[in-house]
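Following: one structure in structure tokens, then a few remarks.
Basis for what follows: all heavy atoms, side chains included, without hydrogens, waters or symmetry-related copies. Residue numbering restarts at 1 for every chain, and letters A, B, ... go by the order of the sequence lines.
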Amino acid sequence: MAERITKRETDYSKWYTDIIIQGKLADYSPVKGCMVIRPTGYALWEKIQKYLDDMFKETGHVNAYFPLFIPESFMEKEAEHVKGFSPECAVVTHGGGAKLEENLYVRPTSETIIWSMYKKWIMSYRDLPILINQWANVVRWEMRTRLFLRTTEFLWQEGHTAHATYEEAEEETLKILEVYRKFAEDYMAIPVLIGKKSESEKFAGAKHTYCIEAMMQDKKALQSGTSHNLGQNFAKAFDVKFQDKDGSRKLVWATSWGVSTRLVGALIMVHSDDNGLVLPPKMATNQIVIIPIWKSDDQKEKVLNLADNIKKDLCQDCSVILDDRDQYKPGYKYSEWELQGIPLRIEIGPRDVENNQVVIVRRDTREKIFVPVIELRNKINNLLVVMQKEMLDKAKAMREEFTFMINDYNEFKKVIDEPGGFLYSHWCGSVECERKVKDDTKATIRLIPFEKKKEKGTCLVCGEKSEGRVVFGKAY
RNA sequence: CGGGGCGUAGCGCAGCCUGGCAGCGCGUACCGUUCGGGACGGUAAGGUCGGAGGUUCAAAUCCUCUCGCCCCGACCA
């Protein structure tokens, strides 16, 4: 008998690792902090890439590719940026057997090398905007790593745009944030809060940072995507100016934005259960697995015949696998496919052939549904839509259950610890109070919500005036 | 970097205290019986006991050094 997955309530962290290792999504590699993304896990990343890439293209962006290596001097050009990233960079000092003239940083993010190129490419307002995205790997030498959530090397996309005006850059920043929100909710079935990061949480080198934040099943927050308005910081650092219509030379405005393989971690932690991965239909490589059941050869022929026909029928709408392996019993197959998160399982046995029906089992609810063969295609298509919606609704309901309005700091400390969740509280805006909350409770300001209501209140910590609530939570 | 745990068959582990044939479970291969929620019996293959040095007639076991990984914390997407 194969090993079971650790229950969420026993050890959430172990459960998460079990899902990934046993579900064959990824494996530990020989290199510390780095993981191998296995085909099952990579397929999820490919889904993410496919949908997002389409959305980026629809909003006018194009893909390009910049080098993995960044000259040390480039990193040092933007003060905040180098301060934020230097400590966590891998640096190449030798190449071809000789010490390099100048050290090369393995990119932790590509602003600097990209803006060194934008300097060459931007002369006139007619060259703007530049709307480039790249799919790439980056390296950040984190002290502690976790599969998908934080690995030394990870895959991501990074958009880097250049604009003539602040307003245009700001519009771009918000447009991408909306793309991220829509993708998270409509495809991954992950409800997200959108808002702005506080000064201390924003990107190193940004004017301000917007983000999407999701709640995991352990009530911790996961920053799932960021969109930065970089102002003119990188234009200044790399001296990127353009000649405007009126003949004057102006600094270019910048944005950058990204999501990473961390999203796979989010997908796992939001939906999965103690039996393995649970995938919303749109994120699954295959939506359906058919498990044929037989005893005699005579039954086998009849069952497989029906299964084949059903597969052909359903393949018109979605991706279907027929698991006709002879060496495993049905029960084993059920467990194996549940581990893989396949949304729907169709069981076809001798009794079903006789009654001209099949059994459908939903992965998310594990509900068994008996359906006449003639109604199957409609029923399946309907179920896939329903599941996609209900998974989002379920995640949203959980988030709402663990969202609290907190006015008193003692109560805050209690609630953040148990049950935990998103706490909406007043904050005066000072770094000191933010810091104190973090030191006392480990909770940080996840975001300052856009829908922040004008509401008079007093800061949770110092009691000074506040104009509205911000969202606190413990983060990954 | 601080704290904890662990390196023995592909995976999970026992054996170490008290030195004496390297074992168990799962998995794998083959044969037979099975097949509607992780089947069973039989046979077989599979090992530099993380590495180096030392003590000893004899080391997985005792001593010294060393390398690596995982978990918790600080840091971070």
Counter-base of [N], judged by Watson-Crick or G-U geometry with both distances under 3.5 Å:
| N | value |
| --- | --- |
| U34(B) | none |
| A29(B) | U43(B) |
| G19(B) | none |
| U61(B) | none |
| U55(B) | none |
| G12(B) | C24(B) |
| C6(B) | G68(B) |
| C1(B) | G73(B) |

Heavy atoms under 4.0 Å, any strand shown: does [X] hit a base, just sugar-phosphate, or nothing?
| X | value |
| --- | --- |
| R325(A) | nothing |
| T151(A) | base |
| E338(A) | base |

So does [X] pair up with [Y], basic N to acidic O under 4.0 Å?
| X | Y | answer |
| --- | --- | --- |
| K312(A) | D308(A) | no |
| K368(A) | E347(A) | yes |
| K436(A) | E434(A) | no |
| E432(A) | R435(A) | no |
| E336(A) | R325(A) | yes |
| R362(A) | E390(A) | yes |

Using the [atom1] atom as the reference point in each nucleotide, state the distance between [N] and [M] in Å, no decimals.
| N | M | atom1 | answer |
| --- | --- | --- | --- |
| G68(B) | U8(B) | C1' | 16 Å |
| U48(B) | A9(B) | P | 8 Å |
| G36(B) | C30(B) | P | 22 Å |
| G54(B) | A59(B) | P | 12 Å |
| C49(B) | U61(B) | P | 10 Å |
| G7(B) | C13(B) | C1' | 12 Å |
| A60(B) | G4(B) | C1' | 24 Å |
| C16(B) | G50(B) | P | 15 Å |

Where the side chain of [X] is defined as all heavy atoms beyond and including C-beta, which of [options] is the nearest nucleotide?
| X | options | result |
| --- | --- | --- |
| S335(A) | G36(B), G37(B), G73(B) | G37(B) |
| Y28(A) | A74(B), C70(B), C35(B) | C70(B) |
| P330(A) | C71(B), G38(B), C35(B) | C35(B) |
| K329(A) | U28(B), C35(B), G37(B) | C35(B) |
| M143(A) | G37(B), C75(B), C35(B) | C75(B) |
| V359(A) | G37(B), G36(B), C75(B) | G36(B) |

In whole angstroms, how far is the [atom2] atom of [N] from the [atom1] atom of [X]?
| X | N | atom1 | atom2 | value |
| --- | --- | --- | --- | --- |
| D11(A) | G4(B) | CG | P | 19 Å |
| D440(A) | A74(B) | CG | C1' | 16 Å |
| W141(A) | A74(B) | CH2 | P | 22 Å |
| L304(A) | C35(B) | CG | P | 16 Å |

Requested in this report: Assign the ring pair F56(A) / W135(A) to parallel, tilted or perpendicular, where the plane angle (0 to 90°) is split at 30° and 60°.
Outcome: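 It falls in the tilted class, 30° to 60°.
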Looking at [X], I'd like to know whether one of its side-chain N or O atoms comes within less than 4.0 Å of OP1 or OP2 on [N].
| X | N | answer |
| --- | --- | --- |
| K438(A) | C75(B) | yes |
| R144(A) | A74(B) | no |
| S13(A) | C71(B) | no |

Query - Quiz item: E336(A) side-chain donor-acceptor pair to G37(B) base, under 3.5 Å - result: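 A donor-acceptor contact between them is absent.
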